[in-house]
Number of protein chains: 2
Amino acid sequence: MSDLEQISLELEARGYRVTPSRRAVIAAILARKNHFAADELAKRCRGAGRATVFRTIRLLSDLGVVCRVLMDDGSPRYLVSRSGHHHHLVCTECGTVQDLDQCAVSGALREIADASGYEIEGHWLELYGRCAACRARTAVLA
Amino acid sequence: MSDLEQISLELEARGYRVTPSRRAVIAAILARKNHFAADELAKRCRGAGRATVFRTIRLLSDLGVVCRVLMDDGSPRYLVSRSGHHHHLVCTECGTVQDLDQCAVSGALREIADASGYEIEGHWLELYGRCAACRARTAVLA
DNA sequence: GCCGAGTTGATACTAGGTCTCAACTGAGAC
DNA sequence: GTCTCAGTTGAGACCTAGTATCAACTCGGC
Ligand SMILES: [Zn+2]
Ligand SMILES: [Zn+2]
Ligand SMILES: [Zn+2]
Ligand SMILES: [Zn+2]
């Protein structure tokens with residue numbers, strides 16, 4: 001079963017219609033090799049208007065099919081999500097985004113909750129750095 | 001020495017002029033008890049235009065005098081910063097922001113760097129939850 | 001075939017900024 | 001004092017990343 005069919009079933013299971021517009025957006029997303037900007041997808045995606053592209057991205061985001069990454073300049077990008085709760089490691093040089101399956105803060109949360117009196121419900125974490133490839137490239141030049 | 005003077009000296013030390021506009025923005029920031037939106041400050045702050053308010057906030061942010069907090073709905077707010085590197089605990093109910101002096105991820109970074117091959121340069125972390133006061137309020141109603 | 005909820009897209013609108021550029025300021029050089 | 005010029009300002013245009021509106025359309029179920 002293709003990813004498109006898989007996601008379509010997921011949508012139907014949740015009571016959403018699988019329309020041609022939604023198919024077009026999902027196909028466009030699956031076609032992107034790396035992360036993409038919503039507006040860029042909207043321009044590239046014939047078969048769905050801008051509003052529908054944004055709506056569909058949000059829908060898929062709520063379903064956990066795509067995830068949002070905040071780049072280091074603050075601009076949002078989207079990515080097909082491969083797992084449940086996870087965070088990202090973003091290369092500040094080439095923009096590569098790597099999924100981190102482990103959550104780096106889950107251990108500390110209990111402690112913070114105790115110390116602060118807060119009941120912690122969620123968190124947002126992004127890590128920025130230079131990927132192995134970019135580091136290697138600079139090392140050669142130096 | 002007042003906070004305003006303190007910050008002014010900081011600016012001068014870095015080669016920036018301490019102008020009436022900047023003083024007005026800084027005073028307006030210091031007058032806010034809690035976090036504020038940049039646009040709201042611009043409206044409230046007679047004595048500096050919108051662009052200058054935004055520029056000054058960015059300047060102070062670069063200097064570490066104010067910090068930016070991403071609320072759980074994604075909207076940015078600013079806060080007078082009291083320490084160096086730190087993160088925030090944001091109450092999703094009343095909006096209270098509490099500084100966390102400890103960095104919850106510093107310990108995990110070495111490990112992640114080793115596993116990923118990235119040289120980690122920075123990170124962004126926000127925690128969301130319900131503060132003690134809001135929890136108490138709900139408990140009474142229940 | 002009809003109904004009504006779900007969906008769509010053009011367009012307007014919003015938040016949160018940045019850019020432009022001519023005018024202004026003010027600290028230091030003379 | 002006054003010249004000078006980099007730093008600063010503000011009005012307004014512009015930009016990105018969306019959301020709101022609303023009339024039109026679609027389609028599964030009866
Ligand atoms: Zn890279
Ligand atoms: Zn996590
Ligand atoms: Zn609270
Ligand atoms: Zn940290």
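In what follows, chains are A, B, ... by sequence order, proteins preceding strands, each numbered from 1.
Residues B:Glu121 and A:Asp72 form no side-chain contact, since every pair of their non-hydrogen atoms from C-beta on lies 4.5 Å or further apart. In this structure, B:Thr92 and A:Tyr118 have side chains that are not in contact, with every pair of non-hydrogen atoms separated by 4.5 Å or more.
For C:dG9, neither phosphate oxygen OP1 nor OP2 lies less than 4.0 angstrom from any side-chain nitrogen or oxygen of A:Arg46. A sub-4.0 Å separation between OP1 or OP2 of C:dG17 and a side-chain N or O of B:Tyr78 is present. Distances shown here put every side-chain N or O of B:Arg50 at or beyond 4.0 Å from the OP1 or OP2 atom of D:dA11. At the phosphate of D:dT16, neither OP1 nor OP2 sits under 4.0 Å from any side-chain N or O atom of A:Ser75.
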- Message: Counting primed atoms plus P, OP1 and OP2 as sugar-phosphate and everything else as base, spell out the protein contacts along nucleotides 21-30 of chain D at 4.0 Å heavy-atom distance: B, S or - for each nucleotide, 5' to 3'.
- Response: B----BB---
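If you take CG of B:Leu59 and P of C:dG17, they are 15 Å apart, rounded to a whole angstrom. Taking atom NZ of B:Lys43 as the reference point, atom P of C:dT14 lies 11 Å away to the nearest angstrom. Atom-to-atom, CG of B:Leu60 to C1' of C:dG17 comes out at 16 Å; the value is rounded to the nearest Å. Rounded to an integer number of Å, the gap from OH of B:Tyr16 to C1' of C:dA27 is 18 Å. Across the protein-nucleic acid pair, B:Glu12 atom CD and C:dG28 atom C1' stand 15 Å apart, rounded to whole Å. Across the protein-nucleic acid pair, A:Leu41 atom CG and D:dT16 atom P stand 16 Å apart, rounded to whole Å. Straight-line distance from the CZ atom of A:Arg58 to the C1' atom of C:dT8: 15 Å, rounded to whole Å. The nearest whole Å value for the distance from the CZ atom in A:Arg22 to the C1' atom in C:dG6 is 8 Å.
Judged by distance alone, the side chain of B:Arg22 and the main-chain N or O of B:Arg17 form a donor-acceptor pair under 3.5 Å.
For the residue pair B:Ser116 and A:Gln98, no side-chain donor N or O sits within less than 3.5 Å of a side-chain acceptor on the partner.
Clustering of Ile, Leu, Val, Met, Phe, Trp and Tyr by side-chain heavy atoms under 4.5 Å joins A:Ile26 with A:Leu4, A:Ile7, A:Leu11, A:Tyr16, A:Val18, A:Val25, A:Ile29, A:Leu30, A:Phe36, A:Leu41, A:Val53, A:Ile57, A:Leu59, A:Leu60, A:Leu63, A:Val65, A:Val66, A:Tyr78, A:Val80.
In terms of position along DNA chain D, the nucleotide closest to B:Ala48 lies nearer the 5' end than the nucleotide closest to the other residue of the pair A:Phe54 and B:Ala48. Place B:Arg77 and A:Gly47 on DNA chain C by their nearest nucleotides, and A:Gly47 ends up nearer the 5' end.
Atom CZ of A:Arg58 has 12 or fewer heavy atoms from other residues, nucleotides or ligands within 6.0 Å.
Using a 30° and 60° split on the angle between ring planes, B:His85 and B:His123 fall in the perpendicular class, above 60°.
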